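Data first, discussion second: the structure below is written as structure tokens.
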2 protein chains.
Amino acid sequence: MAKTRPRARARRQPLNRERVLQAALRLADREGVASLSMRGLAQTLGVEAMSLYKHVANKDEVLDGLIDLVVAEIDVPPLGTEWRHAMRVRAMSARQVCLRHRWAALLMESRLSQSPARLQYADAVLGLLRCSGFTVPLAYRAFVIIDSYLYGYIMQELHWPREEAEMSQVEQDVTAQLSTADYPYLMEAMTHVMATRTERRVAGVYDADFATGLELILDALARLRDADAPPSPMPTISATSATH
Amino acid sequence: MAKTRPRARARRQPLNRERVLQAALRLADREGVASLSMRGLAQTLGVEAMSLYKHVANKDEVLDGLIDLVVAEIDVPPLGTEWRHAMRVRAMSARQVCLRHRWAALLMESRLSQSPARLQYADAVLGLLRCSGFTVPLAYRAFVIIDSYLYGYIMQELHWPREEAEMSQVEQDVTAQLSTADYPYLMEAMTHVMATRTERRVAGVYDADFATGLELILDALARLRDADAPPSPMPTISATSATH
DNA sequence: TAGATTGGCTTACATCGTAAGCCTGCAATG
DNA sequence: CATTGCAGGCTTACGATGTAAGCCAATCTA
């Protein structure tokens, strides 16, 4: 009587690591990575929790797998692309990916997981800088600085209000609950943010602010690069000509 | 017979929120925030888990309390201090605090918790910029950019090897397990990092790299500030004279 | 002295990751 | 074709964990 339809279950295509991770990705996007449990994950696959362990060693492996999936979504231009353009593209892409999967940034920061996908990502970014005239030490430094800003900005951004509803909620808090006397400078800043919130989202949320900061850093790095190794008369050509 | 010594327990000074949070801080420093459980925390206080709930609403409140304790440790110069100096001081201080409590940065990024301590911290930083000639929009932008870099850098740094033992472990991985063919640029960068690791730690770990990046950003912001509101002939004086 | 309050404690429950081992149908082998 | 191995599910069970509910003794207050 327990075996009502012994076939029905067996008929579905067998699970595999790939399908498990894809399901985890969907579930994380829907409910957040914090409420991603092995039992819940199994349920979305029509399976019992312990069945997952035939395809993944443990939950940590699922999380690391998620990181890999997300890193793979980041668009890194091919080796030889002019560095400023390349850094812009990959930074913007990383940001979009992290906003699409709102749990991703925190997960990447909280886990070590030097998987092939992540190593290759780092290698590609470093390669772009190296092929654009950066020395090894400077390429390393630039990488660290850009990534600090990139992921630091994203982490902040994830806490900001997005929907109009949240925004007006914040606005209420600003004008009512937070007393102006206690936090005068914070108040004026919040007021400014609220007042300009419309024009500050261009083709996405908070794009403009992110881009300005990034350009600031790229400018600074360009100066460093030029000081470090005097460029040929036409820097952009010498940069892109490395592989073309 | 259960009441062997009804007095002994009652004699110790009663718990309070303060002592609970201090114990949580110590425990987190010792074992990491991930393995901070209400039961474990209670144990270090010689008390049962549920007793904590007389002084704290729930675990989230403990975590938010930890954030407050940590934020309070950050050294923010008084209003009116010249902005570059002030930003340097508070960035360095925040970094030291986050390295001292290695769980703090992640906790701050993962929780929202707009507690008075945090709001006041933000207010103080914004105030410093405002008093040094930054307009409201620019002060806000500068705040976001500096903090992005600051906490982004720290989050990266927390994953880097610190002890000499870890370092030589990484060195082994670099020269052996990671194949040079697969990640050429990553390899050369790691080799450089390993080779220069001695001179790169000055009075602390990785101080030099952090400072260079910060100066880069402060330079860029200085340029922005001067372009935004043309300074008087002697910018530093006009900056500090605002409140003195 | 009576009553209320404070601050501990016990018990209980849902949820989590996962160890151990069972069962069944398909596939390869004799 | 029969046997057997095993891939890939399932069941059960254990020890965390956060915390709701309620108990009880010591202390403070009227």
Side-chain angles (χ1 to χ4, degrees), chain A residues 1-24 27-28 30-67 103 106-107 110-111 113, chain B residues 1-24 27-28 30-67 103 107 110-113:
Chain A
M1 47 170 50
K3 46 181 67 175
T4 46
R5 272 176 289 116
R7 279 305 151 92
R9 306 226 115 207
R11 271 299 138 246
R12 80 197 151 197
Q13 66 178 358
L15 237 43
N16 56 39
R17 197 187 137 91
E18 185 66 17
R19 293 217 307 139
V20 170
L21 292 182
Q22 290 294 345
L27 193 55
R30 187 145 35 86
E31 323 229 312
V33 80
S35 53
L36 170 68
S37 70
M38 295 301 272
R39 286 174 164 90
L41 175 55
Q43 200 169 11
T44 71
L45 287 160
V47 136
E48 294 301 315
M50 288 311 293
S51 303
L52 300 177
Y53 288 83
K54 295 284 176 181
H55 308 280
V56 281
N58 48 38
K59 189 180 181 179
D60 281 358
E61 202 177 289
V62 174
L63 296 180
D64 289 346
L66 283 183
I67 293 181
W103 42 269
L106 191 61
L107 192 60
S110 65
R111 301 194 58 77
S113 100
Chain B
M1 48 167 53
K3 47 181 67 176
T4 46
R5 270 177 289 118
R7 281 301 154 94
R9 307 229 114 204
R11 273 295 140 247
R12 81 198 149 194
Q13 68 178 356
L15 236 44
N16 56 37
R17 197 187 135 93
E18 186 66 16
R19 294 217 306 138
V20 169
L21 292 182
Q22 290 293 345
L27 193 55
R30 187 146 34 87
E31 323 230 314
V33 81
S35 52
L36 170 68
S37 71
M38 295 301 272
R39 286 174 164 91
L41 175 54
Q43 199 169 8
T44 72
L45 288 160
V47 138
E48 293 302 314
M50 288 312 292
S51 303
L52 300 178
Y53 288 82
K54 295 282 177 182
H55 306 97
V56 160
N58 47 38
K59 188 179 181 180
D60 280 358
E61 204 177 286
V62 174
L63 295 180
D64 289 345
L66 283 184
I67 293 180
W103 40 269
L107 193 60
S110 64
R111 301 195 58 78
L112 206 41
S113 101

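Just so you know, these numbers come straight off a predicted model, no measurement behind them. Below, chain A is the first sequence line, B the second, and so on; all start at residue 1.
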Is it true that, when you exclude Glu31(A) itself, more than 12 heavy atoms of the residues, nucleotides or ligands shown sit nearer than 6.0 Å to its CD? yes

Closest nucleotide among dT11(C), dC10(D), dG18(D) to the Met50(B) side chain: dT11(C)

Hey, are the side chains of Arg111(A) and Asp60(A) touching, using non-hydrogen atoms and a 4.5 Å cut-off? yes

Sugar-phosphate only, base, or nothing, as touched by Leu52(B) at under 4.0 Å among non-hydrogen atoms: nothing

With respect to the side chain of Lys59(A), which nucleotide from dG8(C), dG18(D), dG17(C) is positioned closest? dG17(C)

Does Ser51(A) have a side-chain nitrogen or oxygen under 4.0 Å from the phosphate oxygens OP1 or OP2 of dG8(D)? no

By side-chain hydrogen bond (donor to acceptor under 3.5 Å, both in side chains), which residues pair with Arg39(B), not counting sequence neighbours? none

Taking the side chain of Met38(A) as its heavy atoms from C-beta onward, which of dG9(D), dG17(C), dG7(C) lies nearest to it? dG17(C)

Rounded to the Å, how far apart are Lys54(A) NZ and dT11(D) P? 14 Å

Separation of atom CZ in Arg17(A) from atom P in dA7(D), rounded to whole Å: 18 Å

Nucleotide dC10(D), atom C1' - distance to CG of Leu15(A) in whole Å: 13 Å

Gap between atoms OH and C1', on Tyr53(B) and dT10(C) respectively (whole Å): 15 Å

What's the closest nucleotide to the Arg39(B) side chain, out of dG8(D), dG18(D), dG7(C)? dG18(D)

Check the phosphate of dA7(D) against His55(A), side-chain N and O only, distance under 4.0 Å to OP1 or OP2. Yes or no? no

Between C1' on dT18(C) and CG on Asp60(A), what's the gap in Å once rounded to a whole number? 12 Å

Among dT12(D), dG17(C), dC9(C), which nucleotide sits nearest the side chain of Glu48(B)? dC9(C)

Closest approach of Leu66(B) to Ala28(B) (non-hydrogen atoms, all atoms of both residues): CD1-CB, 4.4 Å

